[in-house]
Amino acid sequence: MKNHDLPGDFAIWIFIFAELLVFGVFFLSYAFARANNVELFDEYQQTLDREIGAINTIILITSSLFVVRAVNAIRHNAARLCATWIGLAVLLGGVFVYLKLLEFGAKHADGITLSTNTFYMFYLSLTFFHFMHVLMGMVILAVVAVKARQGAYSAENHAGVETGASYWHMVDLVWIVLFPLVYVMH
Amino acid sequence: MVAANRNALYVWLVLVLLSLVTYAVGKLGYGGISVVALLLLSVSIKGQLVIDYFMGLAHVQSRWKWVVTVWLVSVVLLIGLAYWTSM
């Protein structure tokens, strides 16, 4: 059965479209800047921690699955189950943040900054910008989880859950482009 | 709920498998325009799966849902163009 409306509050979709536009410009800036500095980008891409990047990909995809299960749960009036799945998704978001901080810390220890070279400027700014969106998504999901546990949502009224879920999936979608682009492609 | 959760699990499995292939490509050091094309194809499949089944837009009639797909296709094609011009 088809729904006429986007899931959740329409306002979040305007926000999501704007965020996607900004990330899109960032990705294309990276790709076209690389076209003018292929050797530099390929050389320094090899210094990135691809293992952490891959693990974080699996973590975000899995947290997105948990959020899908939360939405399915509330559509069947299972508010506590919904809160549990969202809580688990936030927990995985925390693991993502921890691993990203380890990655940033290692680069900082090596003396790498935004001004080290063009590749690191893009790597640090792109991944940090995404990192901030993960934090924002975790805050939104945590609020939704608390409200779900308090019984604020039901099978008939769960736009808040869908709104938070849509934002979190956007964060996941952006990482799905970012990881191969910055860590793998050359 | 069971069927919806099972479908989401299948989507998750495909996403994980494609992500592991992406990681393996990086680990093995493969590069070049054909590898980039395959990686971008993988990004397109993963992205559309997230859009359709995690965001749930496959079950939505609103025209707004196409904004996300158009974004994904545009970004993938333009990244491909940037890499193609640099080869």
Side-chain angles (χ1 to χ4, degrees), chain A residues 1-7 10 13-14 16-17 20-21 23-24 27-28 30-38 41-42 45-46 48 50-51 53-55 57-58 61-62 64-65 67-69 71-73 75-76 78 81 162 165-166 168-170 172-173 176-177 179-181 183-186, chain B residues 1-5 7-9 11-13 15-16 18-20 22-27 29-32 35-36 39-40 42-51 53-62 64-65 67-68 70-72 74-76 78-87:
Chain A
M1 194 175 71
K2 294 261 184 184
N3 296 320
H4 288 285
D5 298 321
L6 295 169
F10 184 69
W13 284 97
I14 299 299
I16 286 172
F17 297 154
L20 288 176
L21 184 65
F23 273 108
F27 292 151
L28 297 180
Y30 172 93
F32 283 98
R34 179 193 172 276
N36 293 318
N37 301 275
V38 174
F41 274 61
D42 287 357
Q45 186 184 59
Q46 300 305 312
L48 299 187
R50 210 174 285 118
E51 280 69 31
I55 292 167
T57 304
I58 306 295
I61 288 169
T62 307
S64 258
L65 174 70
V67 168
V68 170
R69 297 195 79 134
V71 172
N72 288 337
R75 282 176 181 160
H76 290 81
L81 186 61
E162 290 181 342
S166 299
W168 191 251
H169 295 316
M170 182 273 289
D172 186 19
L173 177 63
I176 280 173
V177 181
F179 172 62
L181 178 66
Y183 289 74
V184 179
M185 277 184 211
H186 63 273
Chain B
M1 182 159 70
V2 173
N5 284 340
N7 290 341
L9 188 64
V11 169
W12 176 82
L13 271 173
L15 293 173
V16 168
L18 289 175
S19 299
L20 290 175
T22 300
Y23 166 72
V25 167
K27 184 79 177 168
Y30 292 145
V35 173
V36 168
L39 288 172
L40 287 174
S42 165
V43 167
S44 305
I45 294 168
K46 286 191 287 181
Q48 197 58 47
L49 284 172
V50 168
I51 292 166
Y53 299 104
F54 281 8
M55 285 179 162
L57 299 192
H59 311 293
V60 167
Q61 280 186 327
S62 168
W64 287 103
K65 73 174 187 175
V67 173
V68 191
V70 168
W71 174 83
L72 178 66
S74 306
V75 164
V76 164
L78 288 169
I79 289 172
L81 176 68
Y83 275 73
W84 181 64
T85 58
S86 70
M87 295 293 174

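Atoms considered below: every heavy atom in the structure, side chains included; atoms not considered: hydrogens, waters and symmetry mates.
- For chain A, no part of B:L49 is nearby; none of its heavy atoms comes within less than 4.5 Å.
- Minimum interatomic distance between A:I176 and B:G47 (heavy atoms only, all atoms of both residues): CG2-N, 4.2 Å.
- B:I79 has its side chain within reach of A:L28: a pair of non-hydrogen atoms, C-beta onward, lies under 4.5 Å apart.
- Only the side chain of B:T85 comes within contact range of chain A, judged by heavy atoms closer than 4.5 Å.
- At least one side-chain heavy atom of A:F17 sits less than 4.5 Å from a side-chain heavy atom of B:W64.
- Looking only at side-chain heavy atoms (C-beta outward), B:S86 and A:N36 stay at 4.5 Å or farther from each other.
- Contact check for B:W12 versus A:T62: side-chain heavy atoms found under the 4.5 Å cut-off.
- When all heavy atoms of A:W13 and B:M55 are compared, the pair lying nearest together is CH2-SD, 4.1 Å.
- The closest side-chain heavy-atom distance from A:S64 to B:V50 is not below 4.5 Å.
- Note on ring orientation: taking the six-membered ring where Trp is involved, the planes of A:F27 and B:W71 are tilted (angle from 30° to 60°).
- Contacts of B:L40 with chain A are made by both backbone and side-chain atoms, with heavy-atom separations under 4.5 Å.
- In this structure, the side chains of A:M170 and B:V68 stay at 4.5 Å or more apart for every pair of heavy atoms.
- A:H186 places none of its side-chain heavy atoms less than 4.5 Å from the side chain of B:Y83.
- The candidate from A:Q46, A:E51, A:Q45, A:E162 with the greatest count of non-hydrogen atom pairs under 4.5 Å with chain B is A:E51.
- Counting only heavy atoms from C-beta outward, the side chains of A:L65 and B:F54 approach each other to under 4.5 Å.
- For B:W84, the side-chain contact (heavy atoms from CB on, under 4.5 Å) partners two or more places apart in sequence, or in a different chain, are B:I33, B:L81.
- Taking both residues in full, the closest heavy atoms of A:G24 and B:V75 are given as CA-CG2, 3.9 Å, listed atom of the first, atom of the second, then distance.
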